[in-house]
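Have a look at the structure below before the remarks.
This chain uses plain numbering: 1 for the first residue, then up along the sequence. Computed from a predicted structure; not experimentally measured. Only this structure's heavy atoms are used, side chains among them; waters, hydrogens and symmetry mates stay out.
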Amino acid sequence: MALMALPVLYYIGTVLWYAYDFPYMDDYPVVVDFLNKLPAATTVGEKVALLMEQNNFHRLVLAKGIAWANVLLTGSVDFRVLQYVGLFFLLLTAWVLWQTGVKGRPARSQTPLDEVADKEDGMLSALLFLPVLFLLFQFQGWNIAFWSIVAVSNVGAPALALLAFYLANRQREGWAILMGLVALFTNGNGIVVLPLLVLCWAFQQRWRWMLSTVAVAVVALAFYFQNYQNPSGGAVSARLSPSTVGHLLALDTAFLGALVYHPAVPWLPVLLGSFTIGWTFYLLLIRYDQTNPTLFWLLVFLHLSGLMLAVNRIQNDTSIVFASRYRNITALHIAAVYLTVVEALSSGALLRRGRLIRRSNAPPDMQTIVIRLATVATAGLWLVSNWTYHSKIVRFRELKQTDNLLWRQVGQVRGSAPQYNPVQQLGIMAERMTFKPKEESLAALQSRPVSVTPVNTPGDSLQYGIDQYVERDGFVVISGWAKVARRKANFNDTFVGIETPNGWQYYTTLFHQRLEKADSANDKDTGFIAIISYQSKTPKMSLFVKSGRFSAGRLIKQ
């Protein structure tokens, strides 16, 4: 049980420690803009229209509703609340998977996993579920934990879909439909939950509930798509033409297996994703929907989510689908596939004339081997992911801290596209006292001295720009962007040096983004700000940047 608690507690502790009350990117057009427009909406219809306003392909009603409730209850919005709601949804997902795949039993049949758990006093259940926890609570999907609207929407939709299927098969049909409705207004892939509930009950020949859900779905989807605009332009059918089907499948399978992506083996995610598609078809053939309908329909939902993302990104290379904010879908998908594989192995399932036949004396050897291999593989993935992406988490907090500081000090916000007018929008909220973030001081964010010996990698040079140099309250504040020429900048370390009587002293910098830079080359991640305590005359200064095994530096102020 201690091993089960490890990934969960580490994830919770990291979220609580690094969560920060400041908006980022699409938080502005979704939450900030909504709350600023809300006082002018005097009728119910106007308020509903604001809630239903599109953001890209989505109608993020739940995220707006939570922010609105936060203001009504406390007088101001705290963007950490949305991050905590995302954490709750992830915990809910793990709990329902435990109830469905290990501990509990569907309403119409007892799963083999229940029998195993009873015989082994829960020990095998804990070991069996450990890979699921390593998959769900790892930080390849770091952005879903700390980007407020993404935490609610990208985690909330699959969590609510899973809960809807779970309730549907526990004879809580009304609650299942309600969860499907909430999922519809949570994220784009939520639109398929009600139709999947219709199919679920049709497969079970529960016609009354199927017809009831059809009626609800028709009305809800008609309301959802009223005045809907396709941001991509053109018809979806054009994206599904024969000439694009091959690329669509490559994108879909690459996304489904994205957790194992590495540039050295770009075919591995496609292979893993292809296996999961084949496995789901096999589950349909053996009518696994009758054995564990919750897991089966969750897999269908996740496959459709991957397909929707592939259609949305059809013009891009496969690497575009590996963004952090989508990885929770991939992790949940692999976890669900793993649970179904173990269940099939534990029961000795055979395919015979399209039906699931069980052998009562099925040997547990293969099941044990799969559990052990999955535990080792997912534990390794958990360790590597948390180690690799920890710096991203730290920098994302720094981005919000510097935005908070720059917004108050000089009227700048870097973590938002300029077209969202972030400075003005936050100013409106501050005047109305609906946004009251913690004030950041120069002293609290000042840079730390470090021991650095600048060395230029042969052939490399430094590219940089300085857009702010201020001497204030005993501090030198320097802000800009820097990178090693021709190198990607998503894992840069940037240091600012000051010449002192004892030689050059280098300091750490805080990260911020430069969204006016070219995203395709990761230049948006080149921003930095240094806050250095310095009491003497204006010093000589230098910049030094490390980018993996490459580095470059130069004198920037004499």
[Y] side chain reached by [X] side chain, heavy atoms, under 4.5 Å:
X    : Y    : value
F57  : Q229 : no
L426 : Y28  : yes
V85  : F89  : yes
L136 : L97  : yes
F225 : I191 : yes
F146 : V15  : yes
Y507 : R448 : no
Q412 : Q468 : yes

| Got more than 12 heavy atoms from elsewhere within 6.0 Å of CZ, R172? | no
| said: Looking at Q419, I'd like to know if its CD atom is crowded, meaning that more than 12 non-hydrogen atoms belonging to other residues, nucleotides or ligands lie closer than 6.0 Å. | reply: yes
Say whether, by atom type as modelled, one donor and one acceptor occur between the side chain of [X] and the main chain of [Y] under 3.5 angstrom.
X    : Y    : value
K483 : T526 : no
N55  : V30  : no
T509 : T494 : yes
R397 : Y20  : no

| Partner of I531 under side chain to side chain contact (heavy atoms under 4.5 Å, CB included), chosen from V470, I478, T508, L445 | L445
Calculate, to the nearest 0.5 Å, the distance between atoms [atom1] and [atom2] belonging to [X] and [Y] respectively.
X    : Y    : atom1 : atom2 : result
L543 : I556 : CG    : CD1   : 4.0 Å
E53  : N227 : CD    : CG    : 11.5 Å
D21  : K400 : CG    : NZ    : 8.5 Å
T330 : L302 : OG1   : CG    : 9.0 Å
N154 : N143 : CG    : CG    : 9.0 Å
L181 : L160 : CG    : CG    : 11.0 Å

Tell me every residue that passes side-chain contact (heavy atoms from CB on, under 4.5 Å) with [X], counting only those two or more places apart in sequence or in another chain.
X    : answer
S305 : N189, F301, I329
P131 : Y338, A374, T375, T378
S153 : L60, A63, N187

Partners meeting ring pair (Phe, Tyr, Trp, His ring centres under 6.0 Å) with [X] (sequence neighbours left out):
X    : result
Y11  : F137, F139
Y224 : F185
Y10  : W382
H512 : none

Closest non-hydrogen atom pair, [X] against [Y]:
X    : Y    : answer
V152 : T186 : O-CG2, 3.8 Å
V193 : G180 : CG1-CA, 3.7 Å
S324 : G141 : OG-C, 3.2 Å
D403 : G415 : OD2-N, 2.8 Å
V192 : M308 : CG1-SD, 4.1 Å
E471 : V476 : CG-CG2, 4.2 Å

| message | Apply side-chain contact (heavy atoms from CB on, under 4.5 Å) to residues Q424 and N421 and explain how you reach the verdict. | response | CA-CA 6 Å; Q424 295 88 335; N421 299 314; 3.7 Å; yes
Taking side chain to side chain donor-acceptor pair (under 3.5 Å) as the definition, give me every residue that meets it alongside [X], ordered by chain and number, with sequence neighbours left out.
X    : value
Y24  : Q513
N36  : Q425
T276 : H333

Can you confirm whether or not the ring centre of [X] sits under 6.0 Å from the ring centre of [Y]?
X    : Y    : answer
F435 : F22  : yes
W142 : F396 : yes
Y464 : W481 : no

Return yes if a side-chain donor-acceptor contact under 3.5 Å exists between [X] and [Y], otherwise no.
X    : Y    : answer
E46  : T42  : yes
S385 : Q138 : yes
Q409 : R472 : yes

| Steps toward side-chain hydrogen bond (donor to acceptor under 3.5 Å, both in side chains) verdict (R408, N404) | CA-CA 6 Å; R408 295 177 184 278; N404 191 359; 3.0 Å; yes
| salt bridge (charged side-chain N to carboxylate O under 4.0 Å, His left out) involving D33 - partner list, sequence neighbours excluded | K37
| query | What pairs meet the side chain to side chain donor-acceptor pair (under 3.5 Å) rule with one or both residues in residues 63-85, with sequence neighbours excluded? | reply | N70-T74, D78-R80, Q83-S148
| query | Between I532 and Q446, is a side-chain contact (heavy atoms from CB on, under 4.5 Å) present by the stated rule, with each step listed? | reply | CA-CA 6 Å; I532 302 171; Q446 65 178 305; over 6 Å; no
| Can F528 and V496 be said to form a side-chain contact (heavy atoms from CB on, under 4.5 Å), step by step? | CA-CA 10 Å; F528 73 89; V496 171; 3.9 Å; yes
| Do L133 and V8 pass the side-chain contact (heavy atoms from CB on, under 4.5 Å) test, and can you show the C-alpha distance, the side-chain angles, and the key distance before you say yes or no? | CA-CA 7 Å; L133 298 178; V8 179; 4.1 Å; yes
| request: Before accepting this row, confirm whether a basic side-chain N of the pair D467/R414 lies closer than 4.0 Å to the acidic partner's carboxylate O. | output: yes
| Does a side-chain N-to-carboxylate-O contact under 4.0 Å join D493 and R395? | yes
